[in-house]
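All values reported here derive from a predicted model rather than from experimental measurement. These values consider heavy atoms only, across backbone and side chains, with no hydrogens, waters or symmetry-generated copies.
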Amino acid sequence: MLPLRLSKIRTFLMCLMLAGTIMLHKSGGSLERYLGVIEGNQNGKRWKNEDRIAFMIKKISQFDPATVVFPNDIKLTPTTKYATKRQLIRLPLAEMDPNPQAKVNRSVGGDTLHFLHGCAATSGVQIDTSSTHWIMASLDLEGNLKTYGGDEFYITYNFDRVANTDQSPDAVARVVDRGDGTYELFFLQSRSPRHTTVTEMVAAGYLTINLVYTCAVSFLNPPEKTFWPDDGSINAIWNSESVPPPDFGRFKIEPRRFPELSTDYDYVYAAGDSLMRQFVGTPSVVSRDNIVYDKNTAAPLNTHTVYTKFLPMIQKGEKEKEAKGFVGITQEDHSAFIIGSCVWDIVSLFDKESFDRYKPNGDRPVLKRFGFYELNDHLEAIRTYIISVQKLYPQRDIYWKGCTAMHRHALKGIDVPNIDTMFYVSLVRGRHLDTAQKELMGELNVPVIDMFEMTYEMAELH
């Protein structure tokens, strides 16, 4: 029954968009004058990378809807008595947004071998709000339904206009890419929503859609984008101010908390990057007296740096233990490590082969600073890291700090060509890495301090 229902939805959307497309062409062709043509896209022919995108979507780790529930006791959603009838939403409201295709064309720059050559950039969306989870279809510049996925969206819902961008929205959608140009949206109540109650008369609110990437650019691993003129991000924003609220869900099980890190251990040594420092405290503001952090590892975790950066940092913890006066007052079985690695891995610009081959030139000598990253190599390095620490300190417990969601759209004001660290930042790659790490931690029986979903909701903290 499900394929038949989706087929009816697709047919309805196509009919609805046909009139809009005809009106667009009769309006004087302003989009054609703005863009010229969709570079490499000829008369609806299949894009060269459609099969590759389908393969990537099957392999990537996506949000699991089975982990959430939509209970009746979330009071933010108005009752049916007061809620406006669900509707079909089209964004942008006026016409398709020309900017995504223009950005894709600028990235391609006439290079027929470029990954994006022939990409029909998502230029708008159509959303069916009739079910608990909404179904969103991506549209190309001409208003046609796209038939392949690979878009990265960040979508929020608020009951009123957000005046303070430092506050979390009322709900943030988790997006599941179905691989056919449609996406499932599961709106989950924020852990720190702007509102905890709403009046019965609230029947509509503000929907904001951030198109961060299109045509699977967010899936690409290094070094595929490293020498592009930009990172391929779109960062388009589409809003609607009179949208009936979706059903709000929440996770069936919230991440485990670890109060014992501050209460049960005499000495905890945290080793990691600057986010680890922020997690446990800064040199001037330490979260707990028993937790010690020294220096940033400043490297991705791979089969080279595990020996040159990460294990030496662990051994340095013993010197810190002595320097901080913990020697003689702590017991080994009352000591622990907090370790982790994610950000430097996500921002790496090379895989191992290209890293070894690349010779820095005058214009971008900083590229090699970020080392290399390959997922399988990274997981092998984690295994080596944890087993080595267990052998060195068999009585100490180990906690793994999971990945922080990295929001490219929150950094849209940055001059990206000069900020190489942004080239591979995406929620898609971050979730995939976080999932792989958690699976490995389960195998190694190491508890995970789960940060991903919480930080996914809090783009305002970037």
Side-chain angles (χ1 to χ4, degrees), residues 56 59-63 150 152-154 175 210 212-213 216-228 230-233 235 271-279 296-306 309-310 339-352 354-355 366-382 385 400-412 414 416 419-441 448-459 461-462:
M56 288 191 290
K59 294 294 184 181
I60 205 76
S61 299
Q62 297 202 64
F63 168 75
E152 177 168 304
F153 295 97
Y154 190 75
V175 182
N210 293 271
V212 189
Y213 295 97
V217 170
S218 60
F219 290 65
L220 299 181
N221 287 312
E224 189 150 7
K225 292 199 299 177
T226 300
F227 297 100
W228 286 12
D230 55 55
D231 68 336
S233 61
N235 294 317
D273 56 24
S274 59
L275 288 185
M276 179 71 79
R277 182 187 69 234
Q278 295 172 25
F279 176 68
N296 189 340
T297 45
L301 176 52
N302 54 47
T303 50
H304 172 68
T305 59
V306 66
K309 293 280 189 178
F310 286 81
I339 59 178
S341 182
C342 189
V343 173
W344 281 73
D345 310 279
I346 290 293
V347 304
S348 293
L349 294 158
F350 298 99
D351 60 7
K352 189 177 189 305
S354 59
F355 181 79
V366 74
L367 293 186
K368 294 198 77 168
R369 173 191 173 195
F370 305 110
F372 70 86
Y373 166 78
E374 296 175 7
L375 180 58
N376 290 336
D377 177 274
H378 173 73
L379 296 176
E380 180 185 344
I382 292 177
Y385 189 24
W400 183 264
K401 177 182 168 292
C403 288
T404 297
M406 299 173 68
H407 296 273
R408 177 64 187 86
H409 74 281
L411 304 170
K412 57 182 175 293
I414 291 179
V416 176
I419 307 293
D420 294 312
T421 54
M422 294 296 104
F423 263 57
Y424 291 95
V425 169
S426 76
L427 294 169
V428 170
R429 295 182 73 237
R431 183 182 292 280
H432 189 62
L433 174 55
D434 183 64
T435 300
Q437 289 184 354
K438 287 172 180 172
E439 290 175 353
L440 180 57
M441 294 306 121
V448 176
I449 303 172
D450 191 351
M451 306 289 293
F452 192 82
E453 294 298 343
M454 177 182 67
T455 53
Y456 186 99
E457 297 172 1
M458 298 181 175
L461 296 182
H462 265 56

Discussion item. Tell me the closest heavy-atom pair linking Phe452 and Leu427, and the distance in Å.
Written reply: CZ-O, 4.0 Å
Discussion item. I'd like to know if the side chain of Thr305 and the backbone of Pro300 have a donor-acceptor N/O pair within less than 3.5 Å.
Written reply: yes
Discussion item. Are Val428 and Tyr213 packed together at the side-chain level, in the sense that at least one heavy-atom pair is separated by less than 4.5 angstrom?
Written reply: no
Worksheet item: Quick one: are Phe219 and His432 in side-chain contact, heavy atoms under 4.5 Å?
Response: no
Item to complete: Any chance you could measure Cys403, atom SG, to Asp450, atom CG, to the nearest 0.5 Å?
Response: 9.5 Å
Worksheet item: Does the cation-pi check pass for Arg408 over Tyr154, that is, NZ or CZ under 6.0 Å from the six-membered ring centre and within 45° of its axis?
Response: no
Worksheet item: Looking only at heavy atoms, what is the nearest atom pair of Gly150 and Ser218, with distance?
Response: O-OG, 4.3 Å
Worksheet item: Would you say the ring centroid of Tyr373 lies under 6.0 angstrom from that of Phe355?
Response: no
Fill in: Student check: side-chain heavy atoms of Val217 and Trp228 closer than 4.5 Å
yes
Fill in: Where Lys309 and Ala299 come nearest, the two heavy atoms and their spacing
CG-CB, 4.0 Å
Discussion item. Determine whether Trp400 and Ile339 satisfy the following criterion, side chain to side chain contact (heavy atoms under 4.5 Å, CB included), listing intermediate values before the conclusion.
Written reply: CA-CA 5 Å; Trp400 183 264; Ile339 59 178; 3.7 Å; yes
Discussion item. What verdict does the side chain to side chain contact (heavy atoms under 4.5 Å, CB included) test give for Asn296 and Trp344, after you've listed the backbone C-alpha separation in whole Å, the side-chain angles of each residue and the deciding distance to 0.1 Å?
Written reply: CA-CA 11 Å; Asn296 189 340; Trp344 281 73; 4.2 Å; yes
Worksheet item: Hey, does the side chain of Lys225 reach the backbone of Asp231 with a donor-acceptor pair shorter than 3.5 angstrom?
Response: yes
Item to complete: Work out which heavy atom in Pro222 is nearest to a heavy atom in Asp351; give both atom names and the distance.
Response: O-CB, 3.9 Å
Fill in: Ile346 side chain reached by Leu433 side chain, heavy atoms, under 4.5 Å
yes
Discussion item. If I take atom CD1 from residue Ile60 and atom OG1 from residue Thr435, how far apart are they, to the nearest 0.5 angstrom?
Written reply: 9.0 Å
Discussion item. Are Val347 and Tyr424 packed together at the side-chain level, in the sense that at least one heavy-atom pair is separated by less than 4.5 angstrom?
Written reply: no
Worksheet item: If you measure from CE on Met458 to OG1 on Thr455, what distance do you get to the nearest 0.5 Å?
Response: 8.5 Å
Worksheet item: Can you tell me how far CZ of Arg429 sits from CG of Leu375, rounded to the nearest 0.5 angstrom?
Response: 9.5 Å
Item to complete: Output yes when a side-chain donor or acceptor of Asp273 lies under 3.5 Å from a complementary backbone atom of Leu275, and no otherwise.
Response: yes
Worksheet item: Which atom pair, heavy atoms only, marks the closest approach of Val306 to Ala381?
Response: CG2-O, 3.6 Å
Worksheet item: Does NZ belonging to Lys352 count more than 12 external heavy atoms closer than 6.0 Å?
Response: no
Worksheet item: What's the spacing between His407 NE2 and Glu457 CD if we round to 0.5 Å?
Response: 9.0 Å
Worksheet item: Among Asp377, Asn302, Leu440, whose side-chain contact (heavy atoms from CB on, under 4.5 Å) with Ile382 holds?
Response: Leu440
Fill in: Derivation and outcome, side-chain hydrogen bond (donor to acceptor under 3.5 Å, both in side chains), residues Glu152 and His409
CA-CA 10 Å; Glu152 177 168 304; His409 74 281; over 6 Å; no
Fill in: Polar side-chain atom of Asp434 near backbone of Gln437 as donor-acceptor pair, under 3.5 Å
no
Response to the item:
Scanning both residues in full, the closest heavy-atom pair of Phe423 with Thr226 reads CE2-O, 3.9 Å
Worksheet item: Does a side chain donor of either Asp345 or Ser348 reach within less than 3.5 Å of an acceptor in the other side chain?
Response: no
